[in-house]
Amino acid sequence: MKLSITLTTFFFFLHFSLSATGPWGSGVPGSPEMLELEAKWRPMASSPGKMRGHQRFNEHKYGMFIHWGLYSQLGGIYKGKKMEEGGIGPRVAEWIMRNKEIPRAEYAKLAETFNPTGFNAQEWVAVAKAAGMKYMVITSKHHDGFALFDSEVSNFNAVDGSPFGRDIIRELETACKNAGIAFGVYYSHALDWRDGGDSGIKDYGPEKPKKKVFANYFDPAPIKFDDYIANKALPQVKELVNNYELCEIWLDTPIYIPARHSFAFYQTIYDANPEILVNQRIGNHFGDFGIPGDNVIPDQINKDAWECVATTNNSWGYKSYDDDWKKPIEILYWLIANVSKGGNLLLNVGPDGMGIMPPQAVANLRTVGEWLDVNGEAIYGTQPWRIDHEGNSALKMGGTEHRRKAKLDFNFGSDDFWFTTKGDKLYAIALARPEGRKILIKSLNDEPIRKIRMLGQRLYLNWKKTDAGVEIELPAFLAAGVGYALEVSLADD
Ligand code: GLC
C-alpha cells in the first residue's frame with residue numbers, strides 16, 4: 001500500500017477548527033520566523049522515517065488512550081464537591097486541581113497516597129488486545145505536573161515521589177512490546193499547573209487572553225514559562241523519547257506557546273527517532289497528524305493522518321459517578337465513522353486510583369473486540385473510499401459536552417453503509433441487519449465488481465446490478481452480533 005502524503009497536505013491541520021483546547025500557539029503564519037522554522041521542519045516531516053511512522057499509524061487504526069495519575073484517586077470529587085459543583089473550565093476529572101483551585105502544596109499530598117497496588121501492566125495490555133486495539137497511549141504527565149515515569153528532571157514522579165515507587169511507563173512499554181501492541185505517551189508540554197508558571201500567557205498571549213480557564217491563576221509557580229520549557233518540559237520529553245520505545249507522542253494544550261518552542265520539541269523527538277509521530281497539539285502546526293478535537297468526529301473525509309480522541313464515558317480521568325458508558329454499538333459507530341473518513345480512533349479508559357479499569361468500559365470494549373475479530377479486515381490498514389457513508393442516519397459528534405447532553409440513539413437503518421478500501425477490495429460495513437436477506441447498496445453501481453462475500457464467511461454471495469444500485473443476497477445464517485461487513489473484490493480496470 002502506498003501512502004500518499006504531499007507537502008501541501010501537511011498544512012491540512014488548518015482544516016480542523018480549533019478544539020476545546022484553545023489557541024494553537026503564538027507563531028504568526030507567514031512571518032520570517034515561521035517561514036524559517038517551517039523550512040527546517042518540512043524535510044523532517046516528510047523524511048523516510050516519518051513515512052514509516054505514518055504507514056504504521058495507518059495500519060493500526062484503533063488504539064487505547066489512558067488517562068491516569070494522581071487525580072484518579074479523587075474520582076472527580078474533592079472535599080465532598082463534584083466537578084460540576086462550582087469552579088470553572090472543563091468538567092473532566094483530571095482537571096480537578098484547576099477546577100477546585102487546589103494549591104500546589106496541597107495537591108502534592110496526593111503523591112504521598114499514590115499507591116495503586118491493583119495496577120498490572122499485563123492486564124491493561126490484555127484488555128487493549130482483546131478490544132482489537134493495536135496501540136496504546138498513556139498520560140506520562142498530565143496538566144498536574146506529576147510524571148508516571150522515572151525522571152531525573154523532577155522528583156515529582158511515581159518512582160521518586162510516591163510510595164508506589166514503580167516506573168509505570170516502563171512497565172507498560174514492556175507489556176505492550178511482549179503483546180505486539182505499539183506504545184506511545186501523552187505529555188502535557190505547555191500546560192503544567194505545578195511547574196509551568198502562567199503557561200506563557202503573560203509573555204506570549206494577547207492582553208486579554210480568551211481562554212482564562214487554562215492556566216494556574218490561583219497559585220502559579222513563580223517562574224517564567226521559558227524556564228519551565230527549558231528546565232522541565234523539554235528535558236522530560238527528551239527522557240521519554242530517548243529512554244522508551246515510542247510510536248507516538250501526544251503533546252497537549254499549546255495555548256500561546258511560541259513557534260520556536262514547538263519546533264524545539266519536534267526537533268528533539270525527531271533526533272531521537274524519526275518514526276515517532278507527534279500530534280498537532282505540539283502547537284504552531286508542527287505536528288505529524290491532526291486531532292479534530294476532543295470527542296469530535298469530523299464531517300468530511302480527510303486523507304491525511306489524523307486521530308479522533310474519544311472518551312468511553314464523559315471524562316478522560318476516572319470519574320466515580322459517571323456511568324454514561326458508550327455502549328458497544330456506539331463505540332463501533334465511533335470507530336467506523338472515523339475510519340471511513342480516513343482517521344484513527346484513540347479511545348480512552350480512565351482507571352481508578354488503585355489501577356483498576358472500570359469494569360463496564362472493559363466489558364464494552366471486549367464486545368467490540370469480538371466484532372473486530374470477524375470484521376477487522378474492513379478496518380485495519382484501510383483507506384477512505386470515494387464516499388464515507390450512504391444511508392439516512394446522520395449523527396453529529398461535536399465534543400465532550402455535546403455528547404454528554406445530546407440524547408443520541410444508535411438505531412441505525414439496514415440501509416446505512418460505511419465504506420473503506422484496501423488494495424483491490426472495497427468494504428461496506430453495516431451496523432444493522434435487514435428483515436429479510438436482501439440489501440441494496442446504491443453507491444456500488446459503477447464499480448467493476450468481481451465477487452462479494454461477508455467477512456467471517458467463505459461463500460461468495462449472489463448479487464446483481466439494478467437501476468437503484470447493487471442488490472445483494474445475504475447468507476441465510478448470520479452469527480449473533482451487530483451488523484456485518486461485506487468484502488467487495490474489484491477488477492483492476
Ligand atoms: C484536553 C484536556 C485534557 C485531555 C485531552 C484529551 O486537552 O485538557 O484533560 O487530556 O484534552 O484529548
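When a ligand or atom number is given, it counts from 1 through the structure's own listing order. What you see below is based on every heavy atom in this structure, not just the backbone, and it leaves out hydrogens, waters and symmetry mates. As the structure is a prediction and not an experimental result, all values here were calculated from the model.
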Item checked: Trp95: numbered ligand 1 atoms lying under 4.0 Å from its heavy atoms -> 2 (C), 3 (C), 8 (O), 9 (O)
Next item on the list: Hey, can you tell me if Trp193 and His143 have their rings parallel, tilted or perpendicular (30° and 60° cut-offs)?
Entry: perpendicular
Margin query: Assess, by modelled atom type and distance only, whether the side chains of Tyr318 and Asn313 contain a donor and an acceptor separated by less than 3.5 Å.
Written below: no
Notebook entry, point to check: Cationic tip of Lys327 within the cone over Phe410's six-membered ring, i.e. under 6.0 Å and within 45° of the normal?
Noted result: no
Checklist line | The single option from His142, His67, Lys141, Arg281 passing side chain to side chain donor-acceptor pair (under 3.5 Å) against Tyr186 | finding: His142
Check: N/O to N/O below 3.5 Å, does that happen between His142 and ligand 1?
Finding: yes
Note to self: Using a 4.0 Å heavy-atom cut-off, which part of Trp250 comes near ligand 1: side chain, backbone, both, or neither?
What the structure shows: side chain
Next item on the list: State the atoms of ligand 1, each with its element, that fall below the 4.0 Å cut-off from a heavy-atom position in Asp294.
Entry: 1 (C), 5 (C), 6 (C), 11 (O), 12 (O)
Next item on the list: Applying side chain to side chain contact (heavy atoms under 4.5 Å, CB included) between Val241 and each of Asp271, Asn273, Ile269, report the one that passes.
Entry: Ile269
Notebook entry, point to check: Which atoms from ligand 1 have a heavy atom of Glu94 less than 4.0 Å away?
Noted result: 3 (C), 4 (C), 9 (O)
Next item on the list: Provide the number and element of each atom of ligand 1 under 4.0 Å from a heavy atom of Trp316.
Entry: 4 (C), 6 (C), 12 (O)
Next item on the list: Give a yes or no on whether a salt bridge exists between Lys79 and Glu106, defined as a side-chain N under 4.0 angstrom from a carboxylate O.
Entry: yes
Note to self: I'd like to check which ligand 1 atoms, numbered from 1 as shown, lie under 4.0 Å from a non-hydrogen atom of Arg281.
What the structure shows: 1 (C), 5 (C), 7 (O), 11 (O), 12 (O)
Notebook entry, point to check: Can you list the ligand 1 atoms lying under 4.0 Å from a non-hydrogen atom of His143?
Noted result: 2 (C), 3 (C), 8 (O), 9 (O)
Check: Which atoms of ligand 1 sit under 4.0 Å from any heavy atom of Val309?
Finding: 12 (O)
Notebook entry, point to check: Testing Ile257, Val278, Ile249 for side chain to side chain contact (heavy atoms under 4.5 Å, CB included) with Phe265, which one passes?
Noted result: Ile257
Item checked: N or O contact, Thr253 vs ligand 1, cut-off under 3.5 Å -> no
Next item on the list: Check ligand 1 against Tyr186 and write out every atom of the ligand that is under 4.0 Å from a heavy-atom position of the residue.
Entry: 10 (O)
Next item on the list: Decide yes or no on salt bridge (Lys or Arg N to Asp or Glu O under 4.0 Å) for Asp299 and Lys396, but give the supporting numbers first.
Entry: CA-CA 8 Å; Asp299 291 334; Lys396 288 246 171 207; 3.0 Å; yes
